[in-house]
Protein chains: 2
Amino acid sequence: MSRCENCIIRQFNSLRAMSKEELKKVSDTKVSKTFKKGDAIFEEGDRLDGVFCVRDGVSKLSKLSSNGKDQIIKLASKGEILGQRSVIAEESANLSAIAIKDMDVCFIPKESILHTLNTNPNFAVEVLRHMAKDLRDADDVIVNISQKTVKQRIAEAFIYLKDNFGEDEVGFLNLSLSREDMSNVVGTATESTIRIISEFKKKGIIETSGKKVRILSIPKLETVISGL
Amino acid sequence: MSRCENCIIRQFNSLRAMSKEELKKVSDTKVSKTFKKGDAIFEEGDRLDGVFCVRDGVSKLSKLSSNGKDQIIKLASKGEILGQRSVIAEESANLSAIAIKDMDVCFIPKESILHTLNTNPNFAVEVLRHMAKDLRDADDVIVNISQKTVKQRIAEAFIYLKDNFGEDEVGFLNLSLSREDMSNVVGTATESTIRIISEFKKKGIIETSGKKVRILSIPKLETVISGL
DNA sequence: TTAAAAATATGACAATTGTCAGGTTTCGGT
DNA sequence: ACCGAAACCTGACAATTGTCATATTTTTAA
């Protein structure tokens with residue numbers, strides 16, 4: 001079993017601010033878990049007794065609205081820590097975390113986290129910085145959703161997928177979302193997403209092959225985002 | 001000049017986790033300021049070299065969208081600390097803070113804050129908890145804006161104003177927003193807000209007197225929110 | 001392999017919301 | 001008390017987006 005002290009993933013998140021001894025403690029209590037595409041890591045309302053450190057795969061963090069639709073707030077991959085907000089606020093989970101690519105995660109009991117938080121200011125500040133970034137991102141999402149058209153938001157989503165998850169050797173996006181997930185990211189009806197993606201294909205902005213998507217022209221996408 | 005150690009406002013925010021000595025230091029470096037309705041405490045893009053502790057009044061925190069409209073992310077009043085996120089992330093301000101009721105604030109240089117953060121874990125955790133709450137709120141706003149109609153969002157905004165700012169002796173909301181600010185809170189055009197408020201008045205859900213608004217029936221508002 | 005289920009696609013239409021173009025009322029400063 | 005500016009209001013219309021119904025394609029599982 002691998003040890004946190006040697007885990008490369010650690011460099012990408014706030015665990016890097018932990019001391020050798022703290023990491024050893026975490027390593028002794030952590031549990032590796034795997035989740036298959038579609039599995040829930042946790043669901044809205046669950047009481048979490050720890051956080052999940054993503055080693056591989058991708059998860060969508062979403063919340064069910066009263067109208068029965070899911071809104072995806074964030075896509076989390078390698079290095080992200082899930083459930084941190086709920087554990088810190090000592091609240092039940094506000095979001096559900098569902099795997100959209102097979103996942104490999106470490107479960108870390110909340111005691112180690114909370115103890116380190118209360119004794120190691122470096123760690124607390126590191127977590128704080130990360131949450132400050134999340135908060136800024138959330139504010140930006142609010143502005144985008146309320147002030148831009150669905151077409152602009154879908155165009156932005158493609159850029160986001162390219163920037164955050166990259167492309168393979170032949171230019172296909174590494175992360176393909178179903179039309180439904182894409183709709184839940186931008187906050188619209190599935191049919192609207194399908195129509196706009198069809199339009200992008202007709203206009204030579206993107207092309208698809210099976211589930212895979214390739215962006216053909218970033219400039220054209222940016223023209224769409226700017227609103228003509 | 002009043003001292004932070006004696007300030008009642010402190011009880012409502014993370015400054016309560018500071019030690020006597022830390023508070024004294026803050027008190028020695030702080031500067032009281034007043035802002036009149038319409039004044040900017042800071043603007044998007046400003047480099048902040050401190051935070052603002054609100055002692056009285058109300059501020060809107062908003063961000064300008066590329067289409068030229070403001071989106072109000074949050075309304076901050078007594079006890080709130082403004083600029084904390086930017087100072088912690090060491091970024092320029094992501095939002096503008098404009099007074100919508102004459103304000104009385106204390107400016108606290110960032111050095112005191114950052115120093116305490118790095119040495120007093122209790123303070124860091126307290127700030128973290130507060131930011132966790134802001135993040136949860138932001139996530140909820142995302143879901144509301146993307147999944148509810150303008151009418152539902154305006155109804156919710158009235159409930160929010162009542163719950164967070166209260167009513168006077170005769171039942172008028174303590175905080176009155178202009179139609180434009182209300183539009184920027186819910187993310188819609190001013191005309192749409194005006195139409196819906198007119199409709200609420202006709203249906204006996206609210207009544208107005210000058211700028212003041214009185215909610216006549218919470219149950220009716222809740223019916224609107226539930227979407228019939 | 002093949003049948004069923006899920007995802008994608010498209011049309012027709014309705015509902016919601018935005019825009020523009022006028023008005024009227026209210027408010028703050030002289 | 002008055003004037004000009006800002007806020008508020010309303011109508012007409014257009015644009016965007018959602019809903020429903022129905023194919024078609026792709027994926028999944030027996």
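Proteins come first, then strands; the chains are lettered A, B, ... in the order of their sequence lines, and each starts at number 1. Hydrogens, waters and symmetry mates are skipped; everything else that's a heavy atom, side chains included, is used. Predicted, not measured: the structure shown is a model, and the values here were computed from it.
V213(B) and F158(B) get closest at one heavy-atom pair: CG1-CE2, 3.9 Å.
Between I194(A) atom CD1 and dT19(D) atom C1' the separation is 13 Å, expressed in whole Å. For the pair K211(A) NZ and dA9(C) C1', the computed distance is 13 Å after rounding to whole Å. The NZ-P distance, from K36(B) to dG28(C), rounds to 13 Å in whole Å. Rounded to whole angstrom, the span from the CD1 atom of I206(B) across to the P atom of dC8(D) amounts to 12 Å. Look at CD1 on I100(A): it is 17 Å from C1' on dA6(C), rounded to the nearest Å. With rounding to whole Å, E180(A) atom CD is found 15 Å from dT27(D) atom C1'. Per the geometry, NZ belonging to K212(A) stands 16 Å off C1' belonging to dT26(D), to the nearest Å. In this structure, the CE atom of M182(A) is 12 Å from the P atom of dA9(C), given to the nearest Å.
Side-chain contact check for I142(B) versus Q71(A): some heavy-atom pair is nearer than 4.5 Å. In this structure, the side chains of E180(A) and K69(A) stay at 4.5 Å or more apart for every pair of heavy atoms.
Defined by atom type and a distance below 3.5 Å, a donor-acceptor pair is present between the side-chain atoms of N94(B) and K63(B).
Counting any heavy atom pair closer than 4.0 Å across all strands shown, S198(B) reaches sugar-phosphate atoms only and no base atom.
At most 12 heavy atoms of other shown residues, nucleotides or ligands fall within 6.0 angstrom of atom NZ in K162(B).
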Could you pull out the protein-nucleic contacts involving nucleotides 15-21 of chain C (nitrogen or oxygen on both sides, under 3.5 Å)?
| unit_1 | atom_1 | unit_2 | atom_2 | d |
| --- | --- | --- | --- | --- |
| dT17(C) | OP1 | V150(B) | N | 2.9 |
| dG18(C) | OP1 | T188(B) | OG1 | 3.4 |
| dG18(C) | OP2 | T188(B) | OG1 | 2.3 |
| dG18(C) | OP2 | A189(B) | N | 3.2 |
| dG18(C) | OP2 | S192(B) | OG | 2.9 |
| dT19(C) | OP2 | K69(B) | NZ | 3.1 |
| dT19(C) | O4 | R195(B) | NH2 | 2.9 |
| dC20(C) | N4 | E191(B) | OE2 | 3.3 |

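The terminal axes of the helix from dT1(C)-dA30(D) to dT30(C)-dA1(D), fitted over 5 pairs per end, subtend an angle of 60° to the nearest 10°.
T193(A) pairs in a side chain to side chain donor-acceptor pair (under 3.5 Å) with only one of the listed residues (S198(A), S178(A), S183(A)), which is S183(A). Partner of E199(A) under the side chain to side chain contact (heavy atoms under 4.5 Å, CB included) criterion, out of K203(A), K201(A), K202(A): K203(A) alone.
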From CA spacing to verdict: salt bridge (charged side-chain N to carboxylate O under 4.0 Å, His left out), K74(A), D134(A): CA-CA 9 Å; K74(A) 183 179 168 134; D134(A) 277 351; 2.9 Å; yes
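Rounding to the nearest 0.5 angstrom, the gap separating the CG atom in L75(A) from the NZ atom in K101(A) is 11.5 Å.
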